[in-house]
Each structure stands twice: as structure tokens, then as C-alpha cells.
Protein chains: 2
Amino acid sequence: MGTAAGERTARRDTYTPQTLLEVAVRVFNERGYDGTSMEHLSRAAGISKSSIYHHVRGKEELLRRAVSHALDGLFGVLEEPAAREGRAVDRLAHVIRRTTEVLMERLPHVTLLLRVRGNTETERWALERRRKFDQRVAELLRQAVADGTLRPGADPRLATRLLFGMINSLVEWYRPHPEGPRVAPEIVEGVLTTALAGLGLPGGAPPAR
Amino acid sequence: MGTAAGERTARRDTYTPQTLLEVAVRVFNERGYDGTSMEHLSRAAGISKSSIYHHVRGKEELLRRAVSHALDGLFGVLEEPAAREGRAVDRLAHVIRRTTEVLMERLPHVTLLLRVRGNTETERWALERRRKFDQRVAELLRQAVADGTLRPGADPRLATRLLFGMINSLVEWYRPHPEGPRVAPEIVEGVLTTALAGLGLPGGAPPAR
DNA sequence: CCTTGCCCCGACCGATCGTTCGGTTGCACC
DNA sequence: GGTGCAACCGAACGATCGGTCGGGGCAAGG
């Protein structure tokens with residue numbers, strides 16, 4: 001659609017829904033979704049309030065696009081082969097590692113997802129999808145405990161929640177180096193090691209990547 | 001002031017700043033602070049919007065009272081004797097346990113504290129106080145590592161953040177039984193065990209209360 | 001040249017925001 | 001029985017909310 005025949009969309013000094021979303025997500029995270037007005041967004045984007053409506057239907061669509069991006073990344077992890085085949089504990093380790101990476105790659109979007117309260121239909125839909133993801137990981141942990149590989153100090157239900165709490169807390173403090181990779185491998189490994197230790201993995205260190 | 005001579009303030013069918021605060025904190029947590037209007041509060045409290053201003057100066061005072069209550073509880077833990085004397089690892093264990101308990105006792109207030117974004121002066125003040133508390137606990141962990149008691153898989157800075165992430169995540173899912181104690185001892189123990197295991201405490205189980 | 005369509009704008013909409021104001025009611029106290 | 005004050009109310013304040021509208025500028029295509 002548009003711009004037929006060959007490359008022409010080279011320079012980019014105008015907004016697209018994508019680039020506008022990046023600005024919006026940044027402001028949403030700074031001020032909170034409810035605390036952000038369209039006026040705030042327009043100032044941050046450098047265009048007028050009404051111009052925003054040329055690119056997106058409204059404020060809520062920006063939120064929907066953002067949390068969708070986060071959720072797509074998380075569910076994508078569960079589709080990876082290493083998350084579907086092998087010992088439960090290895091699959092769990094893979095999911096922990098990759099979830100941490102996705103959380104770093106899509107940090108602002110996941111941050112927004114984790115702060116959703118359920119005030120609108122969009123937010124409730126996001127909460128529901130997130131709940132389903134949590135259940136999938138909880139099932140993995142349950143299997144790893146059932147086959148005797150993991151022996152958490154607490155019951156699996158509690159352990160799952162603490163595990164997610166630990167991983168998700170990254171959005172509260174992790175900030176990638178401005179001129180560097182978005183994913184910090186040493187932090188990913190630290191999370192994985194701490195998580196598995198807390199879950200009672202005998203032998204300590206997890207298998208290397 | 002007021003109601004001189006003897007007991008008379010028996011029945012309580014009218015609001016005080018305290019009782020109004022409880023209603024407000026509940027609604028703030030359901031809808032988010034920015035997502036809650038004074039109209040919402042007035043409906044939840046069963047009095048008119050303008051009546052609220054008879055008891056408190058405004059919306060922001062309600063937030064300030066709430067997060068203050070949370071912060072007072074947290075800093076109170078650091079003042080307890082068991083948090084000031086003994087081996088660093090024992091003091092850390094005490095702080096983890098008591099912090100978890102305070103978080104449960106004052107769940108709605110702490111929840112509000114953890115969601116503050118920094119949009120107003122009150123919020124920035126709360127963020128600053130919270131940061132100081134985190135630093136105090138980080139110092140405890142640092143000492144426990146320095147004297148060789150703890151050997152976390154990750155560096156102490158990261159470990160502290162993951163530890164707080166785990167504990168603080170309780171506000172996302174813990175709900176006390178309606179007719180029961182606000183604090184669930186088995187969850188406190190689960191948190192403590194998982195935390196110390198994740199921090200690399202040799203020997204597994206923590207000392208009994 | 002003129003048309004087309006993208007990108008943007010200022011002005012404005014009704015609704016809602018947090019807050020203020022001028023009361024009314026009813027109980028305690030003298 | 002009059003006074004005072006705590007607790008409450010409806011109405012309205014200016015500001016700001018998310019969103020709409022009609023049109024301007026301007027590069028591309030004919």
C-alpha cells in the first residue's frame with residue numbers, strides 16, 4: 001500500500017504509528033498511563049495534539065499496541081523449541097533466561113504491561129493474556145518439581161509467584177547502557193542462577209548456554 | 001481538643017481522616033492513584049465530594065498519609081533490636097522476615113508506595129525515602145557477603161535488587177483471608193527460605209524464629 | 001499548471017478534573 | 001432555648017481532559 005515501485009521511503013523526519021508509539025511508551029512509563037495527557041504526548045513528540053490522531057485512533061490504541069508488543073514477545077518464548085522439548089527443568093531454565101532477555105529487549109513495553117490496572121477493556125484484556133502466560137510457566141515449574149529435579153523450599157505456587165516477582169522487578173531498575181546492547185548477559189545469568197538456587201536446584205550452577 | 005471530660009467518643013458512624021483514608025487507599029489500589037477521581041472516592045465513601053474536604057486537605061494528602069504509613073512501618077523494622085545487633089546474616093534474615101510481615105500488615109499502603117511514579121512533590125519525596133530504605137538493606141547484605149556468610153551467585157548489588165523484587169511482588173498477589181490474620185506465617189517462611197537460598201546461604205534452612 | 005493525498009495545525013467540543021463556596025442539619029453544652 | 005461547631009450537602013469554579021473539525025502547506029504525479 002502506498003509508495004509503489006522501488007525504494008523511496010528513505011529519510012524519516014515524519015511520524016509513523018510505530019515511531020509515535022516509541023515516544024508514547026516512553027512518556028507513559030515516565031508519568032504513568034493515566035497520568036499522561038495527549039498534551040504531554042504532543043509536546044514530547046513535537047507535533048500538535050490533533051496531529052497524533054492522524055496516526056493512531058487515540059490514547060488507548062497506543063496502550064494496546066504497546067502491551068501487545070510485550071505480550072507477543074513473552075508468548076514467543078514459549079513457542080521456541082527449547083521451551084517445548086527436553087527435561088522440564090531445562091525448559092524452565094530456558095524460559096527464565098529468554099523471558100529475562102525479552103523483558104530487557106522490550107523493557108518499556110513490558111513495564112507498561114506490568115503496571116496495567118484493569119480500568120478499561122484494553123487493560124483487562126492485557127491482564128488476562130498476562131495471566132495465561134504466568135500459568136504456562138507455573139505448569140513448567142510444577143513438572144520440574146514433580147519429576148524431582150527441583151525441590152523449592154516453599155510450595156510450587158508460591159515459588160512461581162516469587163520467581164515472577166524477581167524477574168519482573170527488572171523493569172523497576174534495569175536501564176540498558178545508551179550505546180550498547182539492550183540485553184546485559186551478566187544480569188541474565190545472575191537472574192537465572194539466583195532463580196534456580198531459590199527454587200532449590202541441587203548442584204547450584206545451571207547448565208551453560 | 002474537643003469532647004472534654006471522660007469517654008464519650010464511643011459509636012463511630014461518621015468519618016475521621018483515618019477511616020476515610022482506609023476507603024481512599026482501597027480505591028487508589030483498585031483504580032490507580034491517577035485513575036481515581038474525587039467523585040470515585042465520594043461514591044466509595046458514601047458521602048459527597050465536598051464533604052471529603054472537611055476531613056482532609058485534598059487528594060494528595062490522602063496519598064501522603066498512605067505512603068507515610070507504609071514507610072514508617074518499613075523503617076520501624078530497621079530500628080528493632082534484632083535488626084541492629086548480631087551477625088549480619090541474622091540481622092538480614094530478621095529484616096527480610098519483618099519486612100515481609102509489615103508488607104502484609106500494611107498491604108494496601110505499601111502497594112500504593114510501590115506504584116508511586118514521581119509526578120508530584122509528594123511522590124518524589126516518597127521515592128526518596130524508599131530509596132534510603134533499600135540502601136540500608138543493601139548495606140546489610142553487603143556485610144553478610146563480606147564476612148563470608150553469604151555467597152550469592154550474582155554480585156550483591158544485583159542480588160539486593162532481585163531480593164526486593166521478590167519480596168515486593170507480594171503486593172501483586174497476596175490477599176489476606178477475610179476472617180483471619182493479615183499475616184500468613186507460612187508465606188513469610190517461604191519467602192525467607194527462598195530468599196536466603198537464592199542468596200547462597202550454605203546449609204539451606206534459616207534459623208528458626 | 002493543476003490535482004491529489006499525506007502530514008500537520010489552531011480552534012473548539014462536551015465532559016470531567018480537583019477544589020471552593022455558601023449554606024443546612026443536628027447534637028452537645030451552657 | 002439559644003449558641004457553637006462538626007459533619008455534611010448541592011452548585012459551581014477555572015482548568016484540563018480525550019477527541020473532533022475544517023483547513024493549510026507542500027511534495028509528487030500528471
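All chains are named by letter (A, B, ...) in the order of the sequence lines, taking the proteins before the strands, and each is independently numbered beginning at 1. It should be emphasised that the depicted structure is a prediction, and the values quoted were computed from it without experimental measurement. Excluded from the calculations below are hydrogen atoms, water molecules and symmetry mates; all remaining heavy atoms, backbone and side chain alike, are included.
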Review item, side-chain donor-acceptor pairs of residues 152-170 of chain B, under 3.5 Å, at least two apart:
residue: B/D155; atom: OD2; partner: B/R157; partner atom: N; Å: 3.2
residue: B/T160; atom: OG1; partner: B/P156; partner atom: O; Å: 2.7
residue: B/N168; atom: ND2; partner: B/F164; partner atom: O; Å: 3.4
residue: B/S169; atom: OG; partner: B/M166; partner atom: O; Å: 2.7

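A/Q18 and A/E22 form no side-chain donor-acceptor contact under 3.5 Å, judged by distance and modelled atom types alone. When only modelled atom types and interatomic distance are considered, B/H54 and B/S51 share no side-chain donor-acceptor pair under 3.5 Å. Side-chain contact check for A/E139 and A/Q143: at least one donor-acceptor pair (N or O, by modelled atom type) lies under 3.5 Å.
Remark: A/H54, A/H55 in residues 53-67 of chain A come within less than 4.0 Å of DNA chain C through at least one heavy atom. Listed by residue number, there are no residues of residues 114-123 of chain A with a heavy-atom contact under 4.0 Å to DNA chain D. Residues from residues 21-31 of chain B placing a heavy atom under 4.0 Å of any atom in DNA chain C do not occur.
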N/O contacts under 3.5 Å, protein versus nucleotides 10-14 of chain C?
residue: C/dG10; atom: O6; partner: A/S50; partner atom: OG; Å: 2.4

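Of all the heavy atoms in A/L20 and A/A45, the pair that sits closest is CD1-CB, 4.0 Å. Residues B/S42 and B/K49 share a closest heavy-atom pair of CB-N, 3.5 Å. Between A/L74 and A/F133 the shortest heavy-atom distance is O-CE1, 3.3 Å.
Between A/Y53 and A/K59, the closest side-chain pair of non-hydrogen atoms is not below 4.5 Å.
Mapping B/G46 and A/H40 onto DNA chain D by nearest heavy atom places B/G46 at the nucleotide closer to the 5' end.
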Run the salt bridge (Lys or Arg N to Asp or Glu O under 4.0 Å) check on A/E79 and A/R84 step by step: do they pass?
CA-CA 7 Å; A/E79 302 303 316; A/R84 305 174 67 91; 3.2 Å; yes

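Residue contacts for B/S42: at a heavy-atom cut-off of 4.0 Å it reaches no nucleic acid atom on any strand shown.
Applying the salt bridge (Lys or Arg N to Asp or Glu O under 4.0 Å) rule to B/R115 yields the partners B/E172; only residues at least two apart in sequence or on another chain are considered.
Between the CD1 atom of A/I52 and the P atom of D/dC17 there is a distance of 12 Å, rounded to whole Å. Rounded to an integer number of Å, the gap from A/L41 CG to D/dG19 P is 11 Å. The distance between atom CD1 of B/I47 and atom P of D/dG10, rounded to the nearest whole Å, is 11 Å. Straight-line distance from the CG atom of A/L20 to the C1' atom of C/dC8: 13 Å, rounded to whole Å. Rounded to whole Å, atom C1' of D/dC17 lies 16 Å from atom CD of B/E39.
With salt bridges taken as basic N to acidic carboxylate O contacts below 4.0 Å, none links B/R91 and B/E85. In summary, B/R124 and B/E121 engage in a salt bridge, as defined by a charged side-chain N under 4.0 Å from a carboxylate O.
Enclosure of atom CZ in A/R26 by more than 12 non-hydrogen atoms of other residues, nucleotides or ligands within 6.0 angstrom is indicated.
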